[in-house]
Undergrad: 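Sharing a structure, written as structure tokens. Questions coming.
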Amino acid sequence: KNVEFDQNSDMAYILIRIADNLKKLDKFDEAIETAKAAKKIALNKKSDNQSWYIEAFIAEVLFYKKDFDSALEIFSRVVDVFSLFGKDMQEVKAKFFIARILKAQDKLNESYDALSSLTEEIKIKSIEDNSFIIEVEEELIQNLELLNKEANNEEIEFRKRRIQNYQEITTVKE
């Protein structure tokens, strides 16, 4: 952790890969510390773009750590920056995490609204990552079921058909 790296190397990238593996092992505090070291290197390299990706990663780890308030604060900033720089995919992924945070905080209506507008934004921005679109649709179904499954049955079935269509499209592309 205390090793100084050459600023011209891509140690920030290597450290973020290590942090990602730590996250997968549920070693969230270690993942955050490693990501912070990566961010410091990125900032020293004056790589603002890379530092914002790292910031989004830290927010994601905070989400998994169930530190929802901190994650929400960071994701809100990240959304603004990615929007400003036209990073459409990163922006919608950050918004997706915001919706997941709202759901985790039992703000189901707000989460549903955020996810619904996100599906429209995905269309407008021509996001073609089918696995991500499926993930958004599955999250919407979960919200609808938690809100009131009986009243939302029609929309749940509609969303399940959409998932099936996206899965079929993905299979055809492969």
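A quick note: this is a predicted structure, and the numbers were derived from the prediction, not measured.
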Undergrad: Please examine the side chains of E60 and F75, heavy atoms only from C-beta on, and report whether any two atoms are closer than 4.5 Å.
TA: yes

Undergrad: Any luck finding a side-chain donor-acceptor pair between N49 and S51 under 3.5 Å?
TA: no

Undergrad: Measure across F82 and A56 and return the closest heavy-atom pair with its distance rounded to 0.1 Å.
TA: CE1-CB, 4.3 Å

Undergrad: Verify the cluster assignment for L43 and W52: are they in a single hydrophobic cluster under the rule of side-chain heavy atoms below 4.5 Å apart?
TA: no

Undergrad: When you compare the side chains of N130 and Q167, does any donor N or O come within less than 3.5 Å of an acceptor on the partner?
TA: no

Undergrad: Is there a path of hydrophobic side-chain contacts, each under 4.5 Å between heavy atoms of I, L, V, M, F, W or Y residues, that connects V61 with V78?
TA: yes

Undergrad: Please give me the minimum heavy-atom distance between Y112 and L144, naming the atom from each residue.
TA: CE1-CD2, 3.5 Å

Undergrad: If the threshold is 4.0 Å, N to carboxylate O, is there a salt bridge linking E73 and R77?
TA: yes

Undergrad: Shortest non-hydrogen contact from T119 to L140?
TA: CG2-CD1, 3.6 Å

Undergrad: Does a side-chain heavy-atom distance below 4.5 Å link F96 with L115?
TA: yes

Undergrad: Output the distance between atom CD1 (I32) and atom CD (E30), rounded to the nearest 0.5 Å.
TA: 11.0 Å

Undergrad: Compare every heavy atom of L102 with every heavy atom of S111, then report the nearest pair and how far apart it is.
TA: CB-CB, 3.8 Å

Undergrad: With side-chain contact (heavy atoms from CB on, under 4.5 Å) as the criterion, how do Q105 and D69 come out once you've worked through the C-alpha distance, each side chain's angles and the decisive distance to 0.1 Å?
TA: CA-CA 9 Å; Q105 294 175 323; D69 292 336; 3.1 Å; yes

Undergrad: Below 4.5 Å, heavy atoms only, C-beta onward: do R159 and E138 meet side chain to side chain?
TA: no

Undergrad: Identify the heavy atoms of A71 and A59 that sit nearest to each other, and give their distance.
TA: CB-O, 3.4 Å

Undergrad: Give the C-alpha distance, both sets of side-chain angles, the deciding distance and a yes or no for side-chain contact (heavy atoms from CB on, under 4.5 Å) between Q50 and D10.
TA: CA-CA 11 Å; Q50 188 179 37; D10 202 8; 3.5 Å; yes

Undergrad: Could you grab the distance from atom CZ of R100 to atom CD of Q142, nearest 0.5 Å is fine?
TA: 8.0 Å

Undergrad: Check the orientation of F63 and F97. Use parallel for under 30°, tilted for 30 to 60°, and perpendicular for over 60°.
TA: perpendicular

Undergrad: For the residue pair S70 and D67, confirm or rule out a side-chain donor-acceptor distance under 3.5 Å.
TA: yes

Undergrad: Do any side-chain atoms of residues 87-94 form donor-acceptor pairs under 3.5 angstrom with protein atoms, and if so which ones, sequence neighbours left out?
TA:
from: Q90; atom 1: NE2; to: Y53; atom 2: OH; distance (Å): 3.3
from: E91; atom 1: OE1; to: K125; atom 2: NZ; distance (Å): 2.7
from: E91; atom 1: OE2; to: K95; atom 2: NZ; distance (Å): 3.0
from: E91; atom 1: OE2; to: K125; atom 2: NZ; distance (Å): 3.3

Undergrad: Using the side-chain contact (heavy atoms from CB on, under 4.5 Å) rule, take N152 and N143 through it: C-alpha gap first, then chi angles, then the decisive distance, then the call.
TA: CA-CA 10 Å; N152 298 315; N143 273 31; over 6 Å; no

Undergrad: Grab the two heavy atoms, one from A35 and one from A19, that are nearest each other, plus how far apart they are.
TA: N-CB, 4.0 Å

Undergrad: Would a hydrophobic clustering, with Ile, Leu, Val, Met, Phe, Trp and Tyr connected at side-chain separations under 4.5 Å, put L84 with I98?
TA: yes

Undergrad: Going from CG on N153 to CZ on F158, what distance comes out if it is rounded to the nearest 0.5 angstrom?
TA: 14.5 Å

Undergrad: Using side-chain heavy atoms (C-beta onward) and a distance below 4.5 Å, is D29 in contact with K65?
TA: yes

Undergrad: Taking the side chain as everything from C-beta on, heavy atoms only, tell me whether F68 gets closer than 4.5 Å to K66.
TA: yes

Undergrad: Would you say I141 and L108 are hydrophobically clustered, going by side-chain heavy atoms of ILVMFWY under 4.5 Å?
TA: yes

Undergrad: Partners of R17 by side chain to side chain contact (heavy atoms under 4.5 Å, CB included), sequence neighbours excluded?
TA: Y13, D20

Undergrad: State plainly whether the residues E137 and K160 are in salt-bridge range, i.e. N to O under 4.0 Å.
TA: no

Undergrad: How long is the span from the CD1 atom in I41 to the CD1 atom in I54, to the nearest 0.5 Å?
TA: 8.5 Å

